[in-house]
Protein chains: 2
Amino acid sequence: MPRGHPAFDLFVRKLSQRSILTEDERQAILSLNGREMEVEPHRDIVGPGQVTDTSCFVVSGLAARFGQLRDGRRQITAIHIPGDMCDLYSLMLPKVEWALQALSARLTIVKVPHRDLAALCRAYPGIAEAFWRDCVADGSILSQWVVNVGRRDARMRTAHLFCELGVRMEKAGLGQRTRYRLPVVQVQLADALGVTPVHMNRVIRSMREDGLMTIRAREVHISDWAALATAAGFDEGYLELRQEARRL
Amino acid sequence: MPRGHPAFDLFVRKLSQRSILTEDERQAILSLNGREMEVEPHRDIVGPGQVTDTSCFVVSGLAARFGQLRDGRRQITAIHIPGDMCDLYSLMLPKVEWALQALSARLTIVKVPHRDLAALCRAYPGIAEAFWRDCVADGSILSQWVVNVGRRDARMRTAHLFCELGVRMEKAGLGQRTRYRLPVVQVQLADALGVTPVHMNRVIRSMREDGLMTIRAREVHISDWAALATAAGFDEGYLELRQEARRL
DNA sequence: CGGAAGGTTGACGAGCTTCAAGACAGGTGG
DNA sequence: CCACCTGTCTTGAAGCTCGTCAACCTTCCG
């Protein structure tokens, strides 16, 4: 089996948490390859209206999908951490409607041609299923975000996002849920949570003053997980991966 | 080929708008069957935490997924119109995190066993792909909802929802985008848009006074589509089905 | 006729935005 | 080494959107 890009063991790891993969399938995914590149912030990796023929695997750093209004206001609809294949859904709908950008200063991705992903799906139905399940799991997070911005106030929303990221980071092996690197600025948190940067700042301050959490040097430190989770109304069920991961 | 439930030609119609299906595949889907039932509002078809072994096809009426906070506040995360297979994603993640309920007074669904859907996927990779694409398309709508509740004010949000539903109804052959039946009460619109019922009422009144649209006898009538779409910042790209619907 | 459900309206307050300014840090050039 | 600049964080004050509470109205239906 030819060796692919070394970062893809992160991808196998993530898929295996949700789906059952045979050894053949694992090896097939590990043999994937693509163009590695570093992306600077505020530059679209893919932009709305484009038809793309690649998906982007996050090696290090953070990526995000942005929706944009005509007046320039932005809303982040998804945050992708290392190990995520963002734009996997574009394999099904290659015309993308959202901008994908770097969220952190240093973002390294691998661009994987749809051609190769499609070949894998044809050869191994189990891989197609794992990809499908991955898209659905992203949708589950998206549902939670709708609830978040729709029905929680700014403080709950913020607490909820930090809980979600903590759990996702931990599951991906990138830190503990109570302490993880988050190389983003407050403006971007505001864009993710649907508030203004000014208000974002006040909310973070208030949570710091209440002893819930602190952010220093791009690192989140949650001092009281239970209190934060309660304040957020956080229930990690929607991130639960290891359910009855049967094969079709 | 055994005849299945007659309503599934709506399903084939919808899938065919997004994906290319062979005649065999169409016939296979049409042979699907399940238990038809009528559901009254405020009763969970499936509830959070349950593990389900069926998906629900909407024959007539409206269904919705609800997220709920501990204090009882609700947020609708998806509205399903006739022809939608809601809970299709549960084929991949059978443990559901959201409540599925009737939105309209009279909702008729067909409960299709996962077993049968899975058998179809195994026998016809093209059907699996169409299902996958359907899930992704739902995710695309969900992204737009995040932008909606995150960055648009109540008036824009409302206008946006009526535009979206208009286009979806039209594509499904259930009316014109400027005139369609929407058998829901204002409380439910408020739950979908993340505002209070009182404010919902004021927004609808204001839009009526501005000559944008009216709702009478559960029927939406959009008097000035262009003005409404502009007020909403509506761009139907994210609902566009007929893109390069290639097969893998 | 009476009750229930949904729609409508007013008054008031809270949460969030907007505008504006200042503090602080890191990086650059003289 | 310091002056300066730029990006980020922080804070205050004023105002608007939206939520809350409460009441009343209309329609429908038994």
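Proteins get letters first, then strands, A, B, ... in listed order; numbering begins at 1 in each.
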Rounded to whole Å, CZ of B:Arg205 lies from C1' of C:dG10 at a distance of 10 Å
Nucleotide of D:dT20, C:dG7, C:dT17 approaching B:Val185 most closely (side-chain heavy atoms):
C:dG7
So A:Val198, base contact, sugar-phosphate only, or nothing? Heavy-atom distance under 4.0 Å.
base
Starting the side chain at C-beta, find the nucleotide from C:dT17, D:dG19, C:dT8 nearest to B:Val195.
D:dG19
Tell me: CE of B:Met156 to P of D:dC18, nearest whole Å?
12 Å
Does the side chain of B:Arg218 get closer than 4.0 angstrom to OP1 or OP2 of C:dG6 through an N or O atom?
no
Any chance you could measure A:Glu97, atom CD, to B:Ile141, atom CD1, to the nearest 0.5 Å?
11.5 Å
Gap between atoms CG and P, on A:Leu193 and C:dT17 respectively (whole Å):
11 Å
Quickly work out the B:Arg152 CZ to D:dC18 C1' distance and round it to whole Å.
18 Å
Could you check whether B:Arg151 pairs with A:Asp191 (Lys NZ or Arg NE/NH1/NH2 to Asp/Glu carboxylate O, under 4.0 Å)?
yes
Side chain to side chain contact (heavy atoms under 4.5 Å, CB included) with A:Glu236: which of A:Glu164, A:Arg168, A:Lys171?
A:Lys171
Nearest-nucleotide 5' precedence on DNA chain D, A:Gln186 against A:Arg151:
A:Gln186
Regarding B:Ser206 and B:Arg155, is there a side-chain donor-to-acceptor distance under 3.5 Å anywhere?
yes
Could A:Arg202 and A:Glu209 be called an ion pair, given the rule that one side-chain N must be under 4.0 Å from one carboxylate O?
no
For A:Asn201, report the nucleic acid contact type (base, sugar-phosphate, nothing); a contact means any heavy atom under 4.0 Å.
base
Length of the line joining B:Met200:CE and C:dG6:P, which is rounded to integer Å:
16 Å
From CG of B:Asp153 across to C1' of D:dG15 the rounded distance in Å is 16 Å
Could you tell me whether the side chain of B:Arg202 has a donor or acceptor atom within less than 3.5 Å of a complementary atom in the base of D:dT20?
yes
Classify the nucleic acid contact of A:Arg73 as base, sugar-phosphate or nothing, counting any heavy atom under 4.0 Å across all strands shown.
nothing
Whole angstrom value for the distance that separates P of C:dC16 from CD1 of A:Ile204:
14 Å
Report the distance from atom CE of B:Met207 to atom P of C:dT8, rounded to the nearest whole Å.
14 Å
